[in-house]
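For reference, the structure is listed below as structure tokens.
Atoms within each ligand, like the ligands themselves, are counted from 1 in listed order. All heavy atoms count here, side chains included; hydrogens, waters and symmetry mates do not. Predicted model only: the values in this text are computed from it and were never measured.
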Amino acid sequence: MSLIVATQNKGKLKEIRRVLASVGIEAEGMDNYPELIPAIEDGTTFKENAQKKAQAIVQQTGKPCLADDSGLTVEALHGRPGVYSARYAGEGATDSENNLLLLTEMAPIADGQRQAAFCCVMALCYPNGECLFFEGRLEGHILRAEQGDGGFGYDPLFQVDGDQRSLAQISIDEKNNISHRGKALKQMISNVNDCSDFN
Ligand code: ITT
């Protein structure tokens, strides 16, 4: 039984596959299945959207699927962009457009009031209808200019407190060790009884 990662985000897929490979799980991306129709993400919580994304692909493939719904919550913006992080600057917005809007909205916010967190909920759904959920969170703050060109999404604008680097300036393994996504995946790995189920 193979595992499909139900995401169209290449940055997420790379991080997820790297962690799963380290415990012997070879997960497939959706690019092997061009005919698949992704779920409409009309939920209002990370959990709801993660479940919708995983179940849509389980239903079309009959295989277990893992989906990640994640986003950035900024205190000074009352939790925005949150579940709407991918389309903060509008439907189909690029990472650069989202980052530019974040910089603009955060411009008047003083140092010391720029706290933010990345949140991730993962849904692992099986063909029998069962779903397991795992969560992770990473605290930090929003920078005043982009730093670095690694990672994806808001990584160039996010810094963990006490670090001089943004998330776009650390290696994928270092990010996976501390990130919202890495934490959710660690939980998944310790809760799935037998990783060989997926190989
Ligand atoms: P899928 O739904 O296909 O998985 P997506 O990019 O649309 O891809 P989400 O709806 O979960 O995924 O939106 C998550 C957005 O939050 C993502 O596009 C980034 O902008 C941001 N984000 C989440 N995790 C991030 C991370 O580790 N680093 C930087 N930005 C992140």
Side-chain angles (χ1 to χ4, degrees), residues 4-19 27-31 33-34 36-57 60 65-74 77 79-103 105 116-125 133-143 146-160 165-185:
I4 301 176
V5 183
T7 181
Q8 298 177 87
N9 182 317
K10 289 189 167 56
K12 277 187 191 178
L13 180 65
K14 193 171 165 195
E15 291 178 8
I16 293 169
R17 291 184 76 173
R18 178 114 182 150
V19 174
E28 297 181 89
M30 281 171 61
D31 38 350
Y33 302 87
L36 292 180
I37 302 163
I40 296 168
E41 289 181 52
D42 54 4
T44 54
T45 63
F46 294 120
K47 186 175 177 183
E48 241 181 294
N49 281 334
Q51 182 168 17
K52 279 176 192 274
K53 288 191 265 194
Q55 280 182 331
I57 303 306
Q60 295 172 73
C65 291
L66 179 67
D68 160 319
D69 201 61
S70 47
L72 181 70
T73 62
V74 181
L77 304 178
R80 285 189 304 120
V83 290
Y84 306 106
S85 292
R87 45 198 147 122
Y88 179 35
E91 208 59 55
T94 62
D95 287 347
S96 310
E97 288 165 345
N98 287 332
N99 283 337
L100 184 61
L101 179 58
L102 183 61
L103 278 175
E105 287 209 283
F118 274 120
C119 304
C120 171
V121 176
M122 290 204 163
L124 174 62
C125 297
F133 297 95
F134 311 99
E135 292 185 31
R137 193 178 161 87
L138 175 64
E139 306 279 349
H141 58 268
I142 303 299
L143 293 167
E146 292 196 13
Q147 275 183 214
D149 53 14
F152 68 95
Y154 300 96
D155 282 346
L157 290 178
F158 190 93
Q159 190 170 68
V160 174
R165 304 162 303 169
S166 75
L167 283 189
Q169 293 173 304
I170 66 177
S171 71
I172 183 168
D173 290 331
E174 197 176 346
K175 183 177 170 192
N176 274 333
N177 261 329
I178 58 167
S179 77
H180 48 311
R181 184 163 299 105
K183 288 174 191 159
L185 283 168

task = Tell me which protein heavy atom sits closest to atom 7 (O) of ligand 1, plus the residue, atom name and distance to 0.1 Å.
result = A86 CB, 3.7 Å
key: atom 12 (O) of ligand 1: nearest protein contact (heavy atom, Å)   = K12 NZ, 2.8 Å
ask   = Which is closest to atom 20 (O) of ligand 1 by heavy-atom distance: Y154, F152, F46, Y84?
value = Y154
task = Looking only at protein heavy atoms, identify the closest one to atom 6 (O) of ligand 1 and say how far it is in Å.
result = N9 ND2, 2.9 Å
note = For atom 1 (P) of ligand 1, the closest protein heavy atom turns out to be T7 OG1, 3.4 Å
ask   = For the atom pair CD (E139) and CZ (F158), what is the distance rounded to the nearest 0.5 Å?
value = 7.5 Å
inquiry  = For F118, which part has a heavy atom under 4.0 Å from ligand 1: side chain, backbone, both, or neither?
reply    = side chain
inquiry  = Any heavy atom of D155 closer to ligand 1 than 4.0 angstrom?
reply    = yes
Check: E15 side chain, K12 main-chain N or O, donor-acceptor pair, under 3.5 Å = no
request  = Locate the shortest heavy-atom distance separating C65 from I57; write the atom from each residue and the value.
outcome  = SG-CG2, 3.3 Å
remark   = ligand 1 atoms nearer than 4.0 angstrom to some heavy atom of S85 are 15 (C), 16 (O)
key: Test item: Q147 side-chain N/O and Q169 main-chain N/O as donor-acceptor pair under 3.5 Å   = no
note = Note: heavy atom closest to atom 27 (O) of ligand 1, options K53, E41, K175, E15, belongs to K175
query = Is it true that S179 lies under 4.0 Å from ligand 1, counting heavy atoms only?
reply = no
inquiry  = side chain to side chain contact (heavy atoms under 4.5 Å, CB included) for R18 and K175? Distances and angles first, verdict last.
reply    = CA-CA 11 Å; R18 178 114 182 150; K175 183 177 170 192; over 6 Å; no
task = Kindly assign one of parallel, tilted or perpendicular to the pair H180 and F118, based on the angle between their ring planes and the thresholds 30° and 60°.
result = parallel
key: Proximal ligand 1 atoms for H180, defined as those under 4.0 Å from one of its heavy atoms   = 24 (N), 25 (C), 26 (C), 27 (O)
request  = Can you pull out the closest protein heavy atom to atom 24 (N) of ligand 1? Residue, atom name and distance to 0.1 Å, please.
outcome  = R181 NH2, 2.9 Å
query = In terms of atom number and element, which parts of ligand 1 are under 4.0 angstrom from non-hydrogen atoms of D69?
reply = 9 (P), 10 (O), 11 (O)
ask   = Where do D42 and K52 land on the salt bridge (charged side-chain N to carboxylate O under 4.0 Å, His left out) test, with the steps shown first?
value = CA-CA 9 Å; D42 54 4; K52 279 176 192 274; 2.9 Å; yes
message = Tell me the protein heavy atom at minimum distance from atom 3 (O) of ligand 1, and give that distance in Å.
response = Q8 N, 2.8 Å
ask   = For ligand 1, which atoms sit closer than 4.0 Å to a heavy atom of D68?
value = 4 (O), 11 (O)
task = Considering heavy atoms of the protein only, find what lies nearest to atom 23 (C) of ligand 1 and give residue, atom and distance to 0.1 Å.
result = S70 OG, 3.2 Å
query = Considering only heavy atoms from C-beta outward, does the side chain of K53 approach that of E41 to under 4.5 Å?
reply = yes
task = Please test L185 against L66 for side chain to side chain contact (heavy atoms under 4.5 Å, CB included), starting from the C-alpha separation and ending with a verdict.
result = CA-CA 10 Å; L185 283 168; L66 179 67; 4.0 Å; yes
Residue-ligand contact N98/ligand 1, heavy atom below 4.0 Å = no
request  = Answer whether the closest heavy-atom distance between the side chains of D68 and T7 falls below 4.5 Å.
outcome  = no
inquiry  = Out of the candidates N98, L72, V74, L102, only one should pair with S85 under the side chain to side chain contact (heavy atoms under 4.5 Å, CB included) rule; please name it.
reply    = L72
